[in-house]
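Notes for the one structure printed next.
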Amino acid sequence: MKNLLVFSIVVALSICSVQADTITLNASGATFPAPLYGRWFAEYNTLHPDARINYQGIGSGAGIKQFTGGLTDFGASDAAMSDAEIAAVKDGGVVLLPMTAGSIVLSYNLPGVTGSVQLPRDVYPAIFLGEITKWNDPKIVAANPGVSLPDLPITVAYRADGSGTTYNFTNHLAAISPDFKTKVGSGKTVKFPVGVGGKGNDGVAALIKQTPGTIGYVEYGYAMKTKLAMATLQNQAGKFVAPTSESGSAALGQVELPANLRAFVTDPAGDGSYPIVTFTWWLCHVQYTKPGVADAIKALAAWGLTDGQKLAPDLGYLPLPASVVEKVQAAVNTIK
């Protein structure tokens with residue numbers, strides 16, 4: 001199958017800078033926010049035409065590796081770097097900037113089934129453990145009265161690459177299912193007991209579209225873009241909640257960012273909260289030695305935190321709450 005899973009966004013951008021020369025910024029990482037970053041960079045270009053950003057959507061794990069190895073000016077990851085990962089970065093510290101947020105959805109391919117299938121809190125972890133194997137399993141049927149569910153095997157699709165989406169999805173499953181925590185655990189890469197792997201959100205979305213009966217986890221914007229069905233999930237309060245901008249924002253509203261700006265929303269409270277949401281971060285150096293780079297990154301980040309947030313809902317992302325924007329901008333200002 002032709003690999004459509006790694007893509008590059010190369011957009012000419014102008015940065016407010018004291019230099020007249022063009023500045024090139026190299027960045028790589030998460031595929032989760034890549035469609036939004038592409039839109040940001042294009043919009044920013046219309047305002048400031050004399051810098052260049054090369055962004056490669058290669059997955060969070062690979063993005064952290066390239067940033068740590070000095071191959072990029074900034075990275076992007078759906079999993080904030082750990083203390084150990086930060087300690088491995090040369091030339092000073094790391095500034096973690098949550099720049100946007102989004103929901104992780106369970107998309108599926110069930111021909112003939114209209115509407116959104118409801119999946120209880122004990123069911124969807126069991127699916128990814130390989131313990132519920134048919135779409136007409138009694139537990140799924142009971143949660144969907146009046147829906148004719150097919151006698152069709154469930155095929156699980158998961159991320160084959162090191163992925164912040166996997167990190168956040170498995171963190172959620174481990175938080176709500178002791179069995180999942182014990183048997184699989186959480187991380188950027190885990191060994192699922194069942195299923196097939198695809199690289200990037202695009203890869204998982206492609207697997208779902210190609211095979212009836214498949215279910216997988218993808219970012220909400222990818223599910224929108226590829227017109228995939230999305231399950232309604234039971235949250236901590238016991239309510240079935242569909243993934244929407246409103247339900248995702250309700251979940252984010254439960255979070256208080258700490259000083260290091262690392263916060264993981266593993267199981268949000270609230271009747272209206274969608275249960276699987278995440279911030280996604282830029283990974284920046286505290287200090288840059290290459291002339292103009294620090295100013296370029298700071299100007300781009302400041303725009304992303306203001307005008308850029310207005311573009312998020314159209315692509316299925318969640319605008320950051322004002323309290324979060326204020327803290328992130330303060331961190332941006334520390335970059336030198």
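- One hydrophobic cluster, built from ILVMFWY side chains closer than 4.5 Å, cannot hold both F240 and Y108; they sit in different ones.
- Taking 4.5 Å as the limit, some side-chain heavy atom of P319 sits within range of a side-chain heavy atom of P313.
- Distance alone, capped at 3.5 Å, is enough to place a donor-acceptor pair between the T46 side chain and the E43 backbone.
- Test T166, T165, N201 against Y217 for side-chain hydrogen bond (donor to acceptor under 3.5 Å, both in side chains) and you get one pass: T166.
- The nearest pair of heavy atoms linking F128 to L173 is CB-CD1, 4.2 Å.
- Within a 6.0 Å radius of NZ in K188, other residues, nucleotides and ligands contribute more than 12 heavy atoms.
- Residues F32 and Y222 place their aromatic rings such that the two centres sit no closer than 6.0 Å.
- Here the CG-CG distance, from D295 to L300, works out to 12.5 Å after rounding to the nearest 0.5 Å.
- Between L152 and L110, the shortest heavy-atom contact is CD2-CD2, 4.0 Å.
- L320 has its side chain within reach of L305: a pair of non-hydrogen atoms, C-beta onward, lies under 4.5 Å apart.
- In this structure, S107 OG and I215 CD1 are separated by 8.5 Å, a value rounded to the nearest 0.5 Å.
- In terms of heavy atoms, S116 sits closest to T232 at OG-OG1, 2.8 Å.
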Would D137 and K134 count as a salt bridge (Lys or Arg N to Asp or Glu O under 4.0 Å) here? Give the steps. CA-CA 5 Å; D137 183 278; K134 289 286 191 76; over 6 Å; no
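- Of all heavy-atom pairs between I208 and A157, the closest is CG1-CB, 4.4 Å.
- A single hydrophobic cluster is seen to contain both M224 and Y317, as judged by linkage of ILVMFWY side chains at heavy-atom distances under 4.5 Å, directly or through other members.
- Taking 4.5 Å as the limit, some side-chain heavy atom of V123 sits within range of a side-chain heavy atom of I140.
- Using cut-offs of 30° and 60° for the angle between ring planes, the W282 and W40 rings count as perpendicular.
- The line from CG of N168 to CD1 of I276 is 9.5 Å long, rounded to the nearest 0.5 Å.
- Remark: side-chain polar atoms of T211 are not paired, donor with acceptor, to backbone N or O of T214 under 3.5 angstrom.
- With a 4.5 Å cut-off on side-chain heavy atoms, V286 and V94 do not count as touching.
- Between the side chain of T170 and the backbone N or O of Y167, at least one donor-acceptor pair lies under 3.5 Å.
- Between the side chains of Q66 and T72, no donor-acceptor pair is found at a separation under 3.5 Å.
- Summarising the local packing, NZ of K225 is surrounded by more than 12 heavy atoms from other residues, nucleotides or ligands at distances under 6.0 Å.
- Side-chain contact between L283 and S77 is present, with at least one heavy-atom pair separated by less than 4.5 Å.
- Aromatic ring centroids of W281 and F264 lie under 6.0 Å apart.
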Walk me through whether R159 and E219 qualify under salt bridge (Lys or Arg N to Asp or Glu O under 4.0 Å). CA-CA 12 Å; R159 286 286 291 271; E219 190 273 324; over 6 Å; no
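- Hydrophobic clustering, with ILVMFWY side chains joined whenever heavy atoms are under 4.5 angstrom apart, keeps F74 apart from L71.
- In this structure, V332 is a member of the same hydrophobic cluster as V325, with clusters built from ILVMFWY side-chain heavy atoms closer than 4.5 Å.
- Between the side chains of Q118 and N144, not a single donor N or O lies within less than 3.5 Å of an accepting N or O.
- A side-chain contact (heavy atoms from CB on, under 4.5 Å) with P275 holds for exactly one of L233, I176, I104, T266; it is L233.
- Of all heavy-atom pairs spanning A231 and L119, the tightest one is CB-CD1, 3.8 Å.
- Using modelled atom types, no side-chain atom of Q56 and backbone atom of S28 make a donor-acceptor pair closer than 3.5 Å.
- S60 places a side-chain N or O within 3.5 Å of a backbone atom of D78 that can act as its donor or acceptor partner.
- Hydrophobic clustering (side-chain heavy atoms under 4.5 Å, transitive across Ile, Leu, Val, Met, Phe, Trp, Tyr) groups V141 together with I127.
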Would you please test M99 and T280 for side-chain contact (heavy atoms from CB on, under 4.5 Å) and show each step? CA-CA 6 Å; M99 293 298 295; T280 184; 5.9 Å; no
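- Within 6.0 Å of CD on Q254 lie more than 12 heavy atoms contributed by other residues, nucleotides or ligands.
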Start with the C-alpha distance between F169 and L106, add both sets of side-chain angles, then the distance that settles side-chain contact (heavy atoms from CB on, under 4.5 Å), and finish with yes or no. CA-CA 10 Å; F169 179 62; L106 292 183; 3.7 Å; yes
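- E326 contributes no side-chain N or O that, together with a main-chain N or O of S323, makes up a donor-acceptor pair within less than 3.5 Å.
- Taking CG from D122 and CD from Q234, the interatomic distance works out to 7.5 Å, rounded to the nearest 0.5 Å.
- The line from CG of N109 to OG1 of T155 is 10.0 Å long, rounded to the nearest 0.5 Å.
- With contacts defined as side-chain heavy-atom distances shorter than 4.5 Å, the pair L311/L315 does not qualify.
- The aromatic rings of F180 and F192 are tilted relative to each other, their planes meeting at an angle between 30° and 60°.
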Under the side-chain contact (heavy atoms from CB on, under 4.5 Å) rule, what do N260 and L96 come out as? Steps first, then yes or no, please. CA-CA 7 Å; N260 63 12; L96 301 176; 5.9 Å; no
Does the side-chain hydrogen bond (donor to acceptor under 3.5 Å, both in side chains) test come out yes or no for Y124 and H172, once each step is laid out? CA-CA 11 Å; Y124 59 91; H172 170 72; 2.8 Å; yes
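- Taking OG of S177 as the reference point, atom CD of E131 lies at 7.5 Å (rounded to 0.5 Å).
- Between H285 and F67, the ring center distance clears the sub-6.0 Å criterion.
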Let me see the working for I154 and I132 under side-chain contact (heavy atoms from CB on, under 4.5 Å), right down to the final yes or no. CA-CA 8 Å; I154 296 175; I132 290 180; 4.1 Å; yes
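- For T306 (side chain) and A302 (main-chain N/O), a donor-acceptor pair under 3.5 Å exists by modelled atom type.
- The one candidate from I23, L25, T24 that meets the side-chain contact (heavy atoms from CB on, under 4.5 Å) condition with I53 is L25.
- Using a 4.5 Å heavy-atom cutoff, the side chains of K183 and K191 are not in contact.
- At least one donor-acceptor pair closer than 3.5 Å links the side chain of Y288 to the backbone N or O of D73.
- Taking all atoms of both residues into account, the shortest heavy-atom contact from D161 to G200 is OD1-N, 3.2 Å.
- Using modelled atom types, one side-chain atom of W135 and one backbone atom of G213 make a donor-acceptor pair closer than 3.5 Å.
- Proximity of P150 to N136: side-chain heavy atoms (C-beta onward) are nowhere separated by under 4.5 Å.
- A donor-acceptor pair is defined here as one N or O able to donate and one able to accept, closer than 3.5 Å; no such pair exists between the side chain of S103 and the backbone of V105.
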